[in-house]
There are 2 protein chains.
Amino acid sequence: MENSQVNCKIEKEKLGELAEYLKIISDENRLKILCLLKHGERCVCEIHETLNLPQNLTSHHLKILREAELVIARREGKWVHYRLNDEKISYLTELYREIVLGG
Amino acid sequence: MENSQVNCKIEKEKLGELAEYLKIISDENRLKILCLLKHGERCVCEIHETLNLPQNLTSHHLKILREAELVIARREGKWVHYRLNDEKISYLTELYREIVLGG
DNA sequence: ATATTATATCAATACCTATTGATATAATAT
DNA sequence: ATATTATATCAATAGGTATTGATATAATAT
């Protein structure tokens with residue numbers, strides 16, 4: 001009972017979740033943001049200045065990352081600090097490993 | 001000399017390569033194809049029948065995967081058999097690990 | 001040669017999304 | 001209150017791409 005159709009059916013529900021994740025992180029600017037946040041929490045202005053992205057574009061990408069729960073926002077006064085959601089990223093990385101790599 | 005800007009500059013050249021890979025595999029149908037090919041070489045008709053995709057659409061996605069060198073084609077008579085390019089996928093997975101996960 | 005099967009390409013559509021410029025909101029300071 | 005700084009949203013545009021239907025190519029068989 002271990003054929004590829006069965007396997008693909010089992011993984012099918014997770015496939016959409018993985019595809020959505022991959023789509024979100026397949027943007028160069030969003031990858032840069034994630035890469036930057038690996039080194040710790042950053043506010044929006046730090047992100048857009050460091051990466052040389054317009055403020056509104058940075059905000060836009062952060063919204064997408066935030067809605068996908070890949071990053072977590074924390075307001076402190078005027079500033080909004082963003083950090084990685086490590087658990088979510090770990091979970092989705094495991095999904096990638098499961099679906100794309102070994103069974 | 002170990003700040004995020006420097007790191008991101010080092011990784012910058014690889015970032016485009018990773019983004020392209022992620023964009024290609026962020027399509028559900030292409031993920032299904034890769035998932036199917038994990039179990040071994042398949043010809044186009046097997047792929048499109050197993051996954052219930054139109055023949056031309058299957059061919060289209062295979063072309064994208066082939067041009068990205070994620071799969072390798074081998075003609076045998078009327079049939080064209082596709083298989084995973086494990087080395088390329090391993091390389092790009094390592095890139096993902098480097099850039100998105102640990103430094 | 002013609003027919004059949006397998007695969008690829010082409011053209012058109014329809015949808016999605018990154019980017020930009022302008023504007024709005026939110027918090028603080030004066 | 002007004003001003004300033006930080007962030008978010010909105011509208012419009014431009015470019016990309018998944019899908020479909022029709023057609024072409026490639027290999028084999030009759």
Side-chain angles (χ1 to χ4, degrees), chain A residues 12 15-37 40-85, chain B residues 12 15-37 40-85:
Chain A
K12 207 165 113 182
L15 233 151
E17 198 177 0
L18 176 61
E20 192 198 341
Y21 169 59
L22 295 172
K23 196 155 291 167
I24 286 174
I25 67 169
S26 70
D27 178 88
E28 279 201 40
N29 286 329
R30 288 194 287 267
L31 268 183
K32 285 179 190 167
I33 292 173
L34 293 179
C35 175
L36 176 59
L37 294 183
E41 206 180 48
R42 295 284 188 278
C43 71
V44 179
C45 62
E46 282 175 307
I47 296 170
H48 98 254
E49 281 163 14
T50 303
L51 302 181
N52 271 307
L53 296 179
Q55 179 273 320
N56 55 353
L57 184 56
T58 305
S59 219
H60 166 70
H61 285 307
L62 284 169
K63 182 182 185 179
I64 289 172
L65 291 170
R66 183 173 13 101
E67 286 178 346
E69 298 182 291
L70 299 178
V71 300
I72 295 168
R74 177 180 67 86
R75 179 175 280 275
E76 194 179 82
K78 286 187 288 190
W79 293 269
V80 177
H81 299 271
Y82 282 88
R83 67 177 187 277
L84 294 181
N85 184 352
Chain B
K12 208 166 112 182
L15 233 152
E17 197 177 0
L18 176 61
E20 192 198 341
Y21 168 59
L22 295 172
K23 195 155 293 168
I24 286 172
I25 66 168
S26 71
D27 178 88
E28 280 200 41
N29 286 329
R30 289 195 287 267
L31 268 183
K32 284 178 191 169
I33 291 172
L34 294 179
C35 174
L36 177 57
L37 293 183
E41 208 179 47
R42 295 283 189 280
C43 71
V44 180
C45 62
E46 281 176 308
I47 296 170
H48 100 253
E49 281 163 13
T50 303
L51 302 181
N52 270 307
L53 295 179
Q55 180 272 322
N56 56 353
L57 184 56
T58 305
S59 219
H60 166 73
H61 285 308
L62 284 170
K63 181 183 187 179
I64 289 172
L65 291 170
R66 182 174 12 102
E67 286 178 346
E69 299 181 290
L70 300 178
V71 299
I72 296 169
R74 176 180 68 86
R75 178 175 280 276
E76 194 178 82
K78 287 186 288 190
W79 292 270
V80 177
H81 298 271
Y82 282 89
R83 67 177 187 276
L84 294 181
N85 184 351

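Values below: every heavy atom of this structure, side chains too, minus hydrogens, waters and symmetry copies. Below, read A as the first sequence line, B as the second, and so on, with proteins coming before strands; counting in each chain starts at 1. From a predicted model like this one, the values you see are computed outputs, not experimental measurements.
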- B:Arg74 CZ to C:dA6 P, straight-line distance once rounded to whole Å: 16 Å
- Task: Would you mind telling me which of C:dA18, D:dA6, D:dA8 lies closest to the side-chain atoms of A:Trp79?
- Result: D:dA6
- So B:Val71 and B:Leu34, side-chain contact (heavy atoms from CB on, under 4.5 Å) or not? Walk me through it. CA-CA 8 Å; B:Val71 299; B:Leu34 294 179; 4.0 Å; yes
- Message: For D:dA8 and A:His60 - does any side-chain N or O of the residue sit under 4.0 Å from the phosphate oxygens OP1/OP2?
- Response: no
- Message: Under 4.0 Å from OP1 or OP2 of C:dA8: is there any side-chain N or O of B:Tyr82 that close?
- Response: yes
- Message: Once you apply a heavy-atom cut-off of 4.0 Å, does B:Asn56 come out as touching a base, just sugar-phosphate, or nothing?
- Response: base
- Taking atom P of D:dA6 as reference, at what distance in whole Å does atom CD of A:Glu49 sit? 8 Å
- 5' precedence on DNA chain C between A:Asp27 and A:Gly77 (nearest-nucleotide basis): A:Asp27
- Query: Would you say A:Arg30's side chain and A:Lys32's backbone share a donor-acceptor pair under 3.5 angstrom?
  - Reply: no
- Starting at atom CG of A:Asn29, determine the distance to atom C1' of C:dT19, rounded to an integer number of angstrom. 10 Å
- Note on the structure: On a heavy-atom basis, the closest approach of B:Ile47 and B:Leu36 is CA-CD2, 3.9 Å
- Message: Taking the minimum atom-to-atom distance to the side chain of B:Arg66, which one of D:dT7, C:dA8, D:dT17 wins?
- Response: C:dA8
- For C:dA18, does OP1 or OP2 lie under 4.0 Å from any side-chain N or O of A:Arg30? yes
- So do the side chains of A:Tyr82 and A:Arg66 get within less than 4.5 Å of each other, counting heavy atoms only? yes
- Hey, does A:His61 reach any base, or is it just sugar-phosphate, or nothing, if we go heavy atoms under 4.0 Å? sugar-phosphate
- Task: In whole angstrom, give the distance that lies between atom NE2 of B:His48 and atom P of C:dA6.
- Result: 9 Å
- Note on the structure: Picking from D:dT28, D:dT7, C:dT7, the nucleotide nearest the side-chain atoms of B:Lys78 would be D:dT28
- Message: What's the angle between the local helix axes at either end of the helix from C:dA1-D:dT30 to C:dT30-D:dA1, using five pairs per end and rounding to 10 degrees?
- Response: 0°
- Query: Nearest-Å distance, NZ (A:Lys23) to P (C:dA18)?
  - Reply: 10 Å
- Query: Between C:dT20, D:dA27, D:dT20, which nucleotide gets closest to the side-chain atoms of B:Pro54?
  - Reply: D:dT20
- Query: Does a side-chain heavy-atom distance below 4.5 Å link B:Thr58 with B:Leu51?
  - Reply: no
- Whole angstrom value for the distance that separates P of C:dA22 from CG of A:Leu57: 16 Å
- Base, sugar-phosphate alone, or nothing: which one does A:Ile64 contact when heavy atoms must sit under 4.0 Å apart? sugar-phosphate
- Can you list the steps and then say if A:His60 with A:Lys63 is a side-chain contact (heavy atoms from CB on, under 4.5 Å)? CA-CA 5 Å; A:His60 166 70; A:Lys63 182 182 185 179; 5.7 Å; no
- Could you tell me whether the side chain of A:His61 reaches within less than 4.5 Å of the side chain of A:Ile33, counting heavy atoms only? yes
- Item | A:Glu46 CD to D:dT7 C1', straight-line distance once rounded to whole Å | 14 Å
- Task: Starting from C1' on C:dA18, measure out to CD1 on A:Ile33 and report it in whole angstrom.
- Result: 12 Å
- Task: Kindly say whether A:Lys23 contributes a backbone atom to a donor-acceptor pair with the side chain of A:Ser26 at under 3.5 angstrom?
- Result: yes
- Query: Per the atom types in the model, does the base of D:dA8 pair as donor or acceptor with the side chain of A:Gln55 at under 3.5 Å?
  - Reply: yes
